[in-house]
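Here's the structure we're looking at; comments come further down.
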Amino acid sequence: MSGITIVGLGGIPEIEEGADLVALIGDALVSADLGPLDGDILVVTSKIMSKAEGRRIAAADREEAITAETVRVVATRAYPGGVTRIVENRQGLVQAAAGVDSSNTPSGTVLLLPVDPDASARALAAGLRSRFGVRLGVIVSDTLGRAWREGQVDLAIGAAGVGVLDDLRGSRDSFGQELFVTQAAVADELASAADLVKGKASGMPVALVRGYGHAVLDTLDTPARALSRTGEKDMFRLGTDEAIALGRAEGLAEGRAAALAEVRAEALAERHGGAVVGEEGAALAAAQEAAFTEGRRAGLTEGWEAGYGDGRESGLLDGREAGFAEGYERGLGEGWARGLEC
């Protein structure tokens, strides 16, 4: 039978800033009589990378550290002990608290993620390959939650020498049907499997995976960042509540603008004996039509992109109704106050 073996690596001391991880992990492998062998993969928790790279900082307020590491807020949720923030951080990861960790570090300090987890993985893999003369891979793992699933798992945030994706597109399944979208997130699967051995409080930050050598490559340029779906590929750039709130706010703003244009056009028509005339009138009419069109387009787009029927319906209706009512009233008052200056 074929299969893989995952072994937790003991004998690694508490890591301090400046620690030589190549030497410490290499010595632990030798002491445990684990080789390494060609095709082995080491899964290393990001915490020891952070400690070795001096990413432990004093932080009386963890929330300030989270804010400093945040590039974009995706969603926030209040709970009895505070507020959970799901954000995109400097490493391009979308996760809770920007990856700022207050566990396994002295009170009053927090651990930030490595500045570049892929670079950290490359340095460690290069050093171990040089020491042992074998082709091995390194995965740097961290704990992340998942949309629509309870609990957390370890996933790959850095990698070197390991094919992070097994692209099956273009191949065929057992029934001969072509696969169009299937890509296996190999590095994430290995990181999660290794965490079953490493655990969260066992003091065992490294696991060795043996028997999956076909995923180990000659090149070390295999970044785990390729697994992140952000930017244009991000299908869920906002949480549900945030998407609905944004849709309503934009709908209200568009409604106000369109209503004000309508009021000004009507006021101008009244000044000219009931008809909008000349270039000024034509421009106002065009602006009015454009505002209505843009408001409808923005409302529909936000509703569909968020993927929530209630967001589309309530956001668009609330925005248009409230916006037109308030905009009409304010616009009329503003128009008359300015002496119908359009």
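Quick note: numbers below take in every heavy atom, side chains included, and nothing from hydrogens, waters or symmetry partners. In this text the structure is predicted, and so the values were computed from the model without any measurement. Numbers for residues simply follow the sequence, beginning at 1.
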When Ile, Leu, Val, Met, Phe, Trp and Tyr are grouped by side-chain heavy atoms lying under 4.5 Å apart, directly or through other members, which residues fall in the same group as Val87?
-> Val73

Between the CG atom in Leu24 and the CG atom in Leu29, the distance rounded to the nearest 0.5 Å is 11.0 Å

Could you tell me whether the side chain of Arg210 and the main chain of Val7 form a donor-acceptor pair under 3.5 Å?
-> no

Results of side chain to side chain contact (heavy atoms under 4.5 Å, CB included) for Ala126 - residues two or more places apart only | Leu220

Under 3.5 Å, side chain of Glu64 to main-chain N/O of Ala59, donor-acceptor pair present?
-> no

Excluding Val74, membership of its hydrophobic cluster (Ile, Leu, Val, Met, Phe, Trp, Tyr; side-chain heavy atoms within less than 4.5 Å) reads Ile86, Val94

Do Phe132 and Ile41 belong to the same hydrophobic cluster, where Ile, Leu, Val, Met, Phe, Trp and Tyr are linked whenever their side-chain heavy atoms lie under 4.5 Å apart, directly or via other members?
-> no

Would you find more than 12 non-hydrogen atoms of other residues, nucleotides or ligands less than 6.0 Å from Arg172 atom CZ?
-> yes

Enclosure of Arg146 CZ (heavy-atom neighbours >12, cutoff 6.0 Å) = yes

Can you sort out the partners of Asp27 under side chain to side chain donor-acceptor pair (under 3.5 Å), two or more places apart, ordered by chain and number?
-> Arg131

Between CD1 on residue Ile48 and CD1 on residue Ile25, distance to nearest 0.5 Å = 4.5 Å

Mind checking what makes side chain to side chain donor-acceptor pair (under 3.5 Å) contact with Ser228, not counting sequence neighbours?
-> none

Side chain of Arg225, backbone of Gln91: donor and acceptor closer than 3.5 Å?
-> yes

Output all residues satisfying ring-ring contact (aromatic ring centres under 6.0 Å, His included) with Tyr212, sequence neighbours left out; order by chain, then residue number.
-> His214

In the hydrophobic clustering that connects Ile, Leu, Val, Met, Phe, Trp and Tyr at side-chain heavy-atom distances below 4.5 Å, which members other than Leu227 occupy its cluster, ordered by chain and number?
-> Val164, Leu165

All heavy atoms of Arg56 vs all of Ile15, minimum pair found to be NH2-O, 3.8 Å

Hydrophobic cluster (4.5 angstrom, side-chain heavy atoms) - remaining members for Ile66 | Ile57, Val100, Val110, Leu112

The reported gap from CG in Leu34 to CG in Leu208 (rounded to nearest 0.5 angstrom) is 6.0 Å

Examine Leu136 and Val22 and state if one hydrophobic cluster contains both, with Ile, Leu, Val, Met, Phe, Trp and Tyr joined whenever side-chain heavy atoms are less than 4.5 Å apart.
-> yes

Can you tell me if Arg62 uses its side chain to pair, donor with acceptor, with the backbone of Ala97 under 3.5 Å?
-> no

Under the side-chain contact (heavy atoms from CB on, under 4.5 Å) rule, what do Arg55 and Leu111 come out as? Steps first, then yes or no, please.
-> CA-CA 6 Å; Arg55 297 285 283 166; Leu111 287 173; 5.5 Å; no

At what distance, to the nearest 0.5 angstrom, does CD of Gln95 lie from CG of Leu113?
-> 5.5 Å

Closest heavy-atom pair, Ala28 versus Leu9, reported as atoms and distance to 0.1 Å, is O-CD1, 3.6 Å

Might you work through the side-chain contact (heavy atoms from CB on, under 4.5 Å) test for Ile157 and Leu144, ending with a clear yes or no?
-> CA-CA 10 Å; Ile157 67 168; Leu144 284 82; 4.3 Å; yes

Minimum-distance pair of heavy atoms, taken over all atoms of Met49 and Pro114 = CB-CG, 3.8 Å

Transitively linked via ILVMFWY side-chain contacts under 4.5 Å: Val30 with Val206?
-> yes

Of all residues at least two apart in sequence or in a different chain, which pass the side chain to side chain contact (heavy atoms under 4.5 Å, CB included) check with Ala121?
-> Val138, Val140, Ala160

Atom pair CG (Asn104) and OG1 (Thr45), whose distance is rounded to the nearest 0.5 Å = 8.0 Å

Return yes if some donor-acceptor pair links the side-chain N/O of Asp38 with the main-chain N/O of Val134 below 3.5 Å, else return no.
-> no

Contact list for residues 89-105, test salt bridge (charged side-chain N to carboxylate O under 4.0 Å, His left out), sequence neighbours left out = Lys47-Asp101, Glu69-Arg90

With no hydrogens and no angle check, is any side-chain donor or acceptor of Asp118 less than 3.5 Å from a backbone partner on Ala159?
-> yes

Partner residues of Ala119 under the side chain to side chain contact (heavy atoms under 4.5 Å, CB included) criterion, sequence neighbours left out = Asp116, Arg122

Interatomic spacing from CE in Met204 to CG in Asp195 - rounded to 0.5 Å = 12.5 Å

State, to 0.1 Å, how close Ile139 and Ala191 come at their nearest heavy-atom pair, and which atoms those are.
-> CG2-CB, 4.3 Å

Among all residues two or more places apart in sequence or in another chain, which pass the side chain to side chain donor-acceptor pair (under 3.5 Å) test with Ser120?
-> Glu53

Where the side chain of Thr222 meets the backbone of Gly161, is there a donor-acceptor pair that is under 3.5 Å apart?
-> yes

Passes side chain to side chain donor-acceptor pair (under 3.5 Å), Ser192 versus Asp154? Steps please.
-> CA-CA 5 Å; Ser192 291; Asp154 263 30; over 6 Å; no

Here the pair of heavy atoms bringing Ala207 nearest to Ile6 is CB-CG2, 4.2 Å

